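Each remark here refers to the structure printed beneath this line.
Each chain gets a letter, A, B and so on, in the order the sequences are listed, and its residues count up from 1. Please read all numbers here as calculations on a predicted model, not as lab measurements.
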2 protein chains.
Amino acid sequence: MAERGRPRSFDRAAALQRAMQVFWERGYEGASLGDLTAAMGINRPSLYAAFGCKEALFREAVALYNDIEGVATERALREQPTARAAVEAMLRGNADAYAAPEKPGGCMIVLAGALGTPENEAVRNHLAECRRDGLDALRRRLERGVAEGDLPPGTDTAALAAFYTTVLQGLSIQARDGASRATLAEIIDCAMAAWDTLAKPRTKV
Amino acid sequence: MAERGRPRSFDRAAALQRAMQVFWERGYEGASLGDLTAAMGINRPSLYAAFGCKEALFREAVALYNDIEGVATERALREQPTARAAVEAMLRGNADAYAAPEKPGGCMIVLAGALGTPENEAVRNHLAECRRDGLDALRRRLERGVAEGDLPPGTDTAALAAFYTTVLQGLSIQARDGASRATLAEIIDCAMAAWDTLAKPRTKV
DNA sequence: GCCATTACGTACCAATCGGTACATAAAAGG
DNA sequence: CCTTTTATGTACCGATTGGTACGTAATGGC
């Protein structure tokens, strides 16, 4: 009763994953319907019947990306015992993923909708919201660190979260530019070197 | 003798500057010929006669961008007395420019060619080279600091340059996402907090 | 004045863009 | 069996893409 009519002849989840890879590699506007259908192994009408339109497909691809590639971040923030360990694990886990040779370099959320036509502003705004969510999650983890005592009270968690988010986003550019895992690791070494200085109440006014 | 035939009826330099603004705002692929000619106040054939093709126009726009927006960086790296002061001045000067309300947010070199069609890979490679040039310039300034004694010998200038380049590039994303000058300044505060720890010979193996 | 040269605006090109109409095929329900 | 429902492949849509052909206008050289 749940399934009437001709059954779908392709694996929707697998097709979506292929679409995600194309968007990840070429960005929203750089991925044409032809690119997408070719990678997904289906024809245009099947795509529209299953996903609605290009933008809806992209939003599903973004959600899938967050599910697949975002778990490492969530786990790091949740399971690491201290704020510092959480931030460092998050950075290193993402850096490893960004430089993985079998995947497009860098983060799809950061790269796939950087600039483009005003017509597609909604898509870019959606990605910007995802980035904002990441920033907020990081900040909440830092505040948990304050609450649990591994960060001193008065720590500027907003500034700290903005800083490490900035580093994380910069890593995406570096990864797309071909930086090796080792280079990304060194960058993170540098970023973490600031921690002990930052994890104190603000000395300035 | 130098000028024969009908004289050009528009200011080539002014038109190029308008084109630069469009590319800066929408990226290479997001800027259509219609957008460009409208902003430049000329018709298509005039554009092609004066600049060759879209890619050549973009390359000139990038060169102009480097001339206009890159001087602050060059000056900071050249005139500041120490490596630390040079890096900090470069970051703060660029952050101020990235968040200037009358200009598109962030750096055109970082944003205008993030992802796109394989057809335009040459354009993205050109921007990547520009980014590499910035990284190299920063590293040379750090090595000058070692030579002049304000950085200890054995300082890992490559890692330091990669780190501050990553922060700088991350600032472009933040600026496009609407971060204020104050927020960018706080991020730079955090990045500079790592300096004293980093400006020492490597302690690790 | 006349010619060579260059720039101009109009009007066009093939190719590609995202999106669909439509006839057909394959399943469940009766 | 027939009907209903959904999916598929082909072939198409108007709009937009980057790029030009071409006749005309404006200049310097002679």
**Interface with DNA chain D, restricted to residues 8-17 of chain A and to heavy atoms under 4.0 Å** = A:R8, A:S9, A:F10
**Prompt:** So does A:R92 pair up with A:D189, basic N to acidic O under 4.0 Å?
**Reply:** yes
**Prompt:** Contacts to DNA chain C from residues 28-40 of chain A, heavy-atom cutoff under 4.0 Å, which residues?
**Reply:** A:A31, A:S32, A:L33
**Request:** Report yes if the side chains of B:F23 and B:K54 come closer than 4.5 Å at any heavy-atom pair, otherwise no.
**Result:** yes
**Request:** Look at the side-chain N and O atoms of B:N43 and state whether any lies under 4.0 Å from the OP1 or OP2 oxygen of C:dC8.
**Result:** no
**Request:** Taking the six-membered ring for Trp and the full ring for Phe, Tyr or His, determine whether the centres of A:W195 and A:Y164 are under 6.0 Å apart.
**Result:** yes
**Message:** Can you confirm whether A:R12 is buried at CZ, in the sense that more than 12 heavy atoms of other residues, nucleotides or ligands lie under 6.0 Å from that atom?
**Reply:** yes
**Sub-4.5 Å side-chain heavy-atom contact between A:R84 and A:D196** = yes
**Asked** Among C:dG9, D:dT5, C:dG19, which is the nearest nucleotide to the side chain of B:S46?
**Response** C:dG9
**Asked** How many angstroms lie between CD in A:E119 and CD in A:E121, if you round to the nearest 0.5 Å?
**Response** 11.5 Å
**Whether over 12 other heavy atoms sit under 6.0 Å from B:R132 CZ** = no
**Asked** Are more than 12 heavy atoms from other residues, nucleotides or ligands located less than 6.0 Å from atom CZ of A:R18?
**Response** no
**Message:** Looking at the base of C:dG18, is there any donor atom on it, or on the side chain of A:R44, that sits under 3.5 Å from an acceptor on the other one?
**Reply:** yes
**Prompt:** Quick one: are B:P101 and B:R181 in side-chain contact, heavy atoms under 4.5 Å?
**Reply:** yes
I'd like a table of atom pairs between the protein and nucleotides 22-26 of chain C - only N or O on both sides, under 3.5 Å - with the distance next to each one.
{"from": "C:dA25", "atom 1": "N3", "to": "A:R6", "atom 2": "NH1", "distance (Å)": "3.2"}

